[in-house]
Amino acid sequence: MTTNHQSSPVRTKPWVPVFVSSEEFDDREREYVLRVIDKKRSFRFHGSQEESDAARLEKLYRDRLNVSHCLAVNAGTSALIAAMIGAGIGPGDEVIVPAYTYIATASAVLIARAVPVIVEVDDTLTMDPQALEAAITPHTKAIIPVHMKGIPCQMDEIMEVARRHRLLVIEDVAQANGGTYKGRALGSIGDAGCFSFQQYKLVTAGEGGMIATNHDIIYARASIYHDSAYGFWGLNQYPDVKLFPGENYRMSEINAALGLAQSERIDSLVSRLQRVKKRIAAGIADIPELQLQRIPDPDGDVSYSLNFFLPDAATAERFSKRLAEEGIPNGTIHNNGFADRHIYKNWTYIMEKQGASERDTPWNCASYTGNVEYSPDMCPNTLDWLSRAVSISLHQSLTEEDCDDAIKAIHKAMGRN
Ligand SMILES: *Cc1c(COP(=O)(O)O)cnc(C)c1O
């Protein structure tokens, strides 16, 4: 790689806004949120359910995902916890999570009182199905594949392993709302799918989350867990399911209104993002040293993140720096010096088996008879892929000229003109 550093950068205009979601805030968001203000109703269970925006949001996702049940909650983390509790996961159980995901995935397992087992990701930067199978023990109850950065996991392989070992699959779709796998909506393939509407995600409700499932019992139990008085609102369609104590994960009508306005834009957003990513990916396909991330189903990629691998970590670092100098900000494993909470070795309290209580944690409770060990070097393949990865954030606002700037800058940073 020989680059002429003296020449002026390819791009001097700023690259993309931080958020995909809130950049779309417009008259529709304003109208829906103001409608809630005018109705003087922020609590979803007070008044008619036909008039509830939380109920409308659930219907939108039932229709989008083609599932029988959706439950709106106050965060993606809450969605994961309530889905696990709903599925009967608890003390004594192990749940397999990928080594590359937001820390909340693993934390949610612990809050459900189960033990996270961490497995390698591969060149898709999502769960490696072989590593998954190798990690199964007699204690394993469930698998959480995470569709990281909008990329669908290898769901055929994962579902096949799950079926053979009779394990539950809970998809973490927090980063891949709007994505598909072989024509099926992400979040509708496993036993449950969990979404987040936090501002960094494709669409936002301010804060919020959603559980999707075709299982009546998972839905009923998740509903009970998401509201300590759920059984008393007269809404429980499954009176045979025993009541038990819950938290408060309810979604407010204001969040629901915002989430509804945003979620009506998903298809348009994804198609704009896909156009951008396809153009840049095609424009850099002639550079053999750039290995594009393998994408299990490119048609289902939400496409807000372009990721590729360089031959080794040192080359990736040099390339990343040069690309930034050419005006295209990008990310590497070093994350500008901040410990990236998406990489397992930085999940400090999990690496140290630290719970809220010293005496009573999912790892040392009497129900758990397994033995899970963690160490920062336990997933060398994951660390190798991430050390060679360079990631560029994309945005729906990018024009063809902007894409061509990126293509030019990548060529120049690679020493090609
Ligand atoms: C954001 C995120 C979550 C948590 O969602 P919140 O709404 O922030 O609670 C869970 N998993 C992944 C992969 C995420 O990116």
Side-chain angles (χ1 to χ4, degrees), residues 18-22 54 57 61 70-85 89 95-112 114 116 118-119 121 124-127 142-153 155 158 169-179 186-187 189-190 192-212 222 225-226 247-252 254-256 258-259 262-263 301-302 304-305 307 331 335 338-344 346-347 349-350 382 386 391 393:
V18 171
F19 296 110
V20 167
S21 64
S22 42
L57 188 65
Y61 278 87
C70 281
L71 177 70
V73 292
N74 62 352
T77 309
S78 317
L80 287 164
I81 298 166
M84 279 187 264
I85 301 279
I89 294 160
V95 176
I96 299 177
V97 303
Y100 184 50
T101 177
Y102 186 49
I103 188 170
T105 313
S107 177
V109 172
L110 289 159
I111 302 301
I118 300 169
V119 300
V121 300
T124 66
L125 296 181
T126 66
M127 184 180 276
I143 307 163
I144 307 186
V146 183
H147 309 292
M148 275 298 274
K149 297 191 172 203
I151 311 297
C153 294
M155 288 309 290
I158 291 170
V169 175
I170 296 178
E171 291 172 75
D172 182 337
V173 205
Q175 297 198 8
N177 194 353
L186 299 182
I189 301 166
C194 297
F195 294 79
S196 165
F197 302 127
Q198 188 263 351
Q199 189 176 3
Y200 276 108
K201 319 301 178 175
L202 186 83
V203 296
T204 188
E207 298 278 359
M210 183 71 75
I211 302 167
Y225 193 70
H226 105 299
E247 311 225 17
N248 176 6
Y249 293 164
R250 289 188 309 262
M251 180 181 270
S252 93
I254 294 178
N255 292 110
L258 190 54
Q262 286 260 293
S263 297
D301 179 358
V302 188
Y304 58 82
S305 177
N307 305 290
N335 196 34
F338 297 107
D340 183 346
R341 296 307 184 196
H342 297 83
I343 305 173
Y344 75 96
N346 297 325
W347 302 344
Y349 55 77
I350 293 172
T382 298
L386 289 173
S391 168
S393 294

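Order of appearance sets the numbers: ligands from 1, and atoms from 1 within every ligand. Keep in mind it's a predicted model, so treat the numbers as computed, not measured. Values below: every heavy atom of this structure, side chains too, minus hydrogens, waters and symmetry copies.
- Checking Gln199 against Ser21 by side-chain atom types alone, no donor-acceptor pair falls below 3.5 Å.
- In this model, a donor atom of one side chain and an acceptor atom of the other lie less than 3.5 Å apart for Ser391 and Lys149.
- Of the candidates Thr77, Ile81, Asn74, Thr77 brings a heavy atom nearest to atom 4 (C) of ligand 1.
- Of the N and O atoms on the side chains of Asn177 and Tyr61, at least one donor lies less than 3.5 Å from an acceptor on the other residue.
- With ligand atoms numbered from 1 in the order given, ligand 1 contributes 5 (O), 6 (P), 7 (O) to contacts under 4.0 Å with heavy atoms of Ser196.
- When only non-hydrogen protein atoms are considered, atom 6 (P) of ligand 1 lies nearest to Gly76 N, 3.4 Å.
- Only the side chain of Ala174 comes within contact range of ligand 1, with a heavy atom under 4.0 Å; no backbone atom does.
- Contact annotation: for Thr105 versus ligand 1, heavy atoms closer than 4.0 Å belong to the side chain alone.
- For the pair Thr382 (side chain) and Val121 (backbone), a donor-acceptor distance under 3.5 Å is present.
- Geometrically, ligand 1 and Gln175 share a nitrogen or oxygen pair separated by less than 3.5 Å.
- Listed by atom number, the atoms of ligand 1 under 4.0 Å from Ala75 heavy atoms are 7 (O), 9 (O).
- In terms of polar-atom proximity, Thr101 is not counted as a contact of ligand 1, lacking any N or O under 3.5 Å from an N or O of the ligand.
- The closest side-chain donor-acceptor pair between His147 and Glu171 falls under 3.5 angstrom.
- In this structure a side-chain-to-backbone donor-acceptor pair under 3.5 Å is present from Ser263 to Gly259.
- Looking only at heavy atoms of the protein, atom 11 (N) of ligand 1 is closest to Asp172 OD2, 2.8 Å.
- Numbered from 1 in the order shown, with element, the atoms of ligand 1 that lie under 4.0 Å from a heavy atom of Val146 read 13 (C).
- Among all non-hydrogen protein atoms, the one lying nearest atom 14 (C) of ligand 1 is Lys201 NZ, 3.0 Å.
- Glu247 places no side-chain N or O within donor-acceptor distance of the main-chain N or O of Tyr249, the cut-off being under 3.5 Å.
- For Tyr344 and Tyr349, the gap between ring centers reaches or exceeds 6.0 Å.
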